[in-house]
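Model, not experiment: these values are computed from the prediction. Remember, it's 1-based here, ligands and their atoms both numbered in the order they're listed. Positions are given from 1 along the sequence.
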Amino acid sequence: MADDQKALRGADIVARSLERLGCERIFTLSGNHIMSLFDAALETKLDLVHVRHEAAAVHMADAWGRLTGKPGIAMVTGGPGHANAVGALFTALGAESPMVLLSGHAATWELGRGGFQEIRQADMAAPVSKASFTATSAATLGRDVGEAVRIASSGRPGPVHLSLPSDLLEERVESNAIVWPAPAPAHSPSKTGVNALMRGEGREGVGLSDAVADATLAALAAAARPIILAPPQLSNVSGRALLARLEAATRTPAVIIESPRGIADATLGAFSDLVPRADLIVLIGKALDFTTRWLGGKSFDPNVRLIAIDPEAALVERAAREMDGRLVIGCIADVRRAAETLIARAAAATPRDAAWLAQARAALDNRPAAWANVVAQTPDRLHPAEVFRVLRPYLERDPDTVLICDGGEFAQWGQSMLPVRRRMINGVAGSIGGSLSFANAARLAEPRAPVFVVLGDGTIGFHLAEFETAARRNLPFVAILGNDALWNAESQIQLREYGRERMHGCTLTPARYDLAVAALGGHGELVERAAGLAPAIERALESRKPACINVMIESTAAPVIRLRG
Ligand SMILES: Cc1ncc(C[n+]2csc(CCOP(=O)(O)OP(=O)(O)O)c2C)c(N)n1
Ligand SMILES: [Mg+2]
């Protein structure tokens, strides 16, 4: 029956609004408060991908947003389901990932009366969301969903939470009273709706004026050793391509800061040794924060100057405060539009000498020669470098391969030694555990090219059951598990800070995760020698199942790459 002939439930309005906004699938886990939404989805083309923990649904929506650029949608039940989901929003927030968490919620008439699973959900999600709100009327549910999707992908992208009280989902609304969402924009939107300053301008996002672009280019030209730092939101294929064009146009190294290790990210080679020589830093959408060490300490020249271009006025103001007179230009602008303007205006400028850029690229590409030959000193164990030397050619076979790296010491080796074209890492949040969910979402977004995951044995325990989701949904990927029977990253801190005799609370058993994965319907391999790894990868790929290669590794600290010494 057509929409205009029959009153619709609030749940139908939500489901149809998502469809109108171009959403294809929802990552979810069932619960009393959202069964009306499961029912409503039957009347749409929406694919419900249901998972084994609410945090996994959020991680999948996060990965979907990062990979496709379109907001990923997670849907969980109220109370405990919402509480489980909230923790994972922290990762999406750090990664600047466009995604929406829809949470079921106690009925409005129950609120304040001790309703079933009643809790202040919007308050709970607020610190880890870009916006967090609760629907208040059935008729406007569609507009609320539209607003959530719009905010998630505007300005600095990020997670948005919307709670949906169960009575509003059940309520019927006459078709002429329904407020549908505005249709999704044709391009990735660049508007910055959460910023009051920009709302005031009444424009679809803010570009960089020619005058500010030219002043920025002039400052770059006058600097001897400038560096451009870019945000996680550019770490996808289109963002990296844009940044490469900006680097070429300005002949200035342009680097994404997407790891909690910041400028010392092992992906960036010996970059941290180059940074103290910089005399001008241009932050284009990158927050001045711990990852950039606030441009202070030994990592930076005390006279280094800053240009801050950011979609959020508050971050430009923060940069001005932190820099105490050394902020030479501060400007509110959309990141991609600003980069495009700089590229266009740079064409008219005299190109700077390419020597500094060449030095910077050499530092970024720097990897110790010893890594080509290093082998484990322990029998029946592999050194992480041995693992990634074997894995690398498999990644390079197909340019569309997706690489997912979790946190921990083993995964840092992977981040450092494997190519980055289409890669997701845990990100600035520094949280571990999302990678198996990322892999499931990546496989749904990329049905053909291989998906590889690199993670540690501590981390795999967070969402091991997602192998069941993968097997049930027929989502093959290959997880390379570095098993050192240790939470090694934390163990390394104990060794460094408190001494060998005070190391405790971080050991695990060399558990057979490969057998667990096989029991969940996947493919498992145990590898104890380097020669066994390539055949195991071949068999894992051939199995066309979600696979876990449990590689017994020597416990090794994360790599540190220096230009000297
Ligand atoms: C959600 C979350 N919990 C805890 C930590 C702290 N943490 C970071 S790395 C790590 C150890 C990871 O161990 P494993 O996965 O085995 O990797 P390894 O370091 O041993 O290679 C821990 C506990 C974190 N970053 N995020
Ligand atoms: Mg470990």
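In terms of distance to the Mg ion (ligand 2), the nearest N, O or S atom of Asp457 is named OD1. Asp484 has its closest N, O or S atom to the Mg ion (ligand 2) at the position named OD1.
Between Glu538 and Arg397 there is a salt bridge, since a side-chain N of the basic residue sits under 4.0 Å from a carboxylate O of the acidic one. Checked for salt-bridge contact, Arg473 and Asp47 meet the test: a charged N lies under 4.0 Å from a carboxylate O. Ion pairing of Glu317 with Arg321 is absent here, as no side-chain N (NZ or NE/NH1/NH2) approaches a carboxylate O to less than 4.0 Å. Salt bridge Arg539/Glu542: absent, no basic N to carboxylate O contact under 4.0 Å. By the 4.0 Å N-to-carboxylate-O rule, Glu396 lies close enough to Arg392 to be salt-bridged with it. Salt bridge present: Glu258 and Arg423 bring a charged side-chain N and a carboxylate O closer than 4.0 Å.
Counting heavy atoms under 4.0 Å from ligand 1, residue Asp484 touches it through the side chain alone. With a 4.0 Å cut-off on non-hydrogen atoms, Thr459 touches ligand 1 through its backbone as well as its side chain. The proximity of Glu490 to ligand 1, defined as any non-hydrogen pair under 4.0 Å, is limited to the side chain.
Considering backbone and side-chain N/O atoms, Phe462 never comes within less than 3.5 Å of an N/O atom of ligand 1. Taking distance alone, with nitrogen or oxygen atoms compared against 3.5 Å, Trp487 stays at or beyond that limit from ligand 1.
At least one donor-acceptor pair under 3.5 Å links the side chain of Arg472 to the backbone N or O of His50.
Residue Ile553: no N/O/S atom is found under 2.8 Å from the Mg ion (ligand 2).
Residues Phe300 and Ile263 come closest through the heavy atom pair CE1-CD1, 4.0 Å.
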### Task
For Tyr394 and Val478, run side-chain contact (heavy atoms from CB on, under 4.5 Å): C-alpha distance rounded to whole Å, both residues' side-chain angles, the deciding distance at 0.1 Å, then the answer.
CA-CA 11 Å; Tyr394 290 95; Val478 179; over 6 Å; no

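In summary, the atoms of ligand 1 found under 4.0 Å from a heavy atom of Gly458, numbered by their order in the structure, are 14 (P), 15 (O), 16 (O). Of all atoms in ligand 1, listed by their number and element, those nearer than 4.0 Å to a heavy atom of Glu409 are 18 (P), 19 (O), 21 (O). Interface of Gly430 with ligand 1, defined as ligand atoms under 4.0 Å from a residue heavy atom, comprises 24 (C), 25 (N), 26 (N). The ligand atoms of ligand 1 that sit less than 4.0 angstrom from a heavy atom of Phe410 are 21 (O).
In this structure, Leu234 and Arg336 have side chains that are in contact, with non-hydrogen atoms separated by less than 4.5 Å.
In this structure, of Ile432, Leu455, Thr556, the residue bringing a heavy atom nearest to atom 4 (C) of ligand 1 is Ile432.
The single protein non-hydrogen atom nearest to atom 9 (S) of ligand 1 is Ala489 CB, 3.4 Å, given as residue, atom name and distance.
Ligand 1 is approached by Ser431 to a heavy-atom distance shorter than 4.0 Å.
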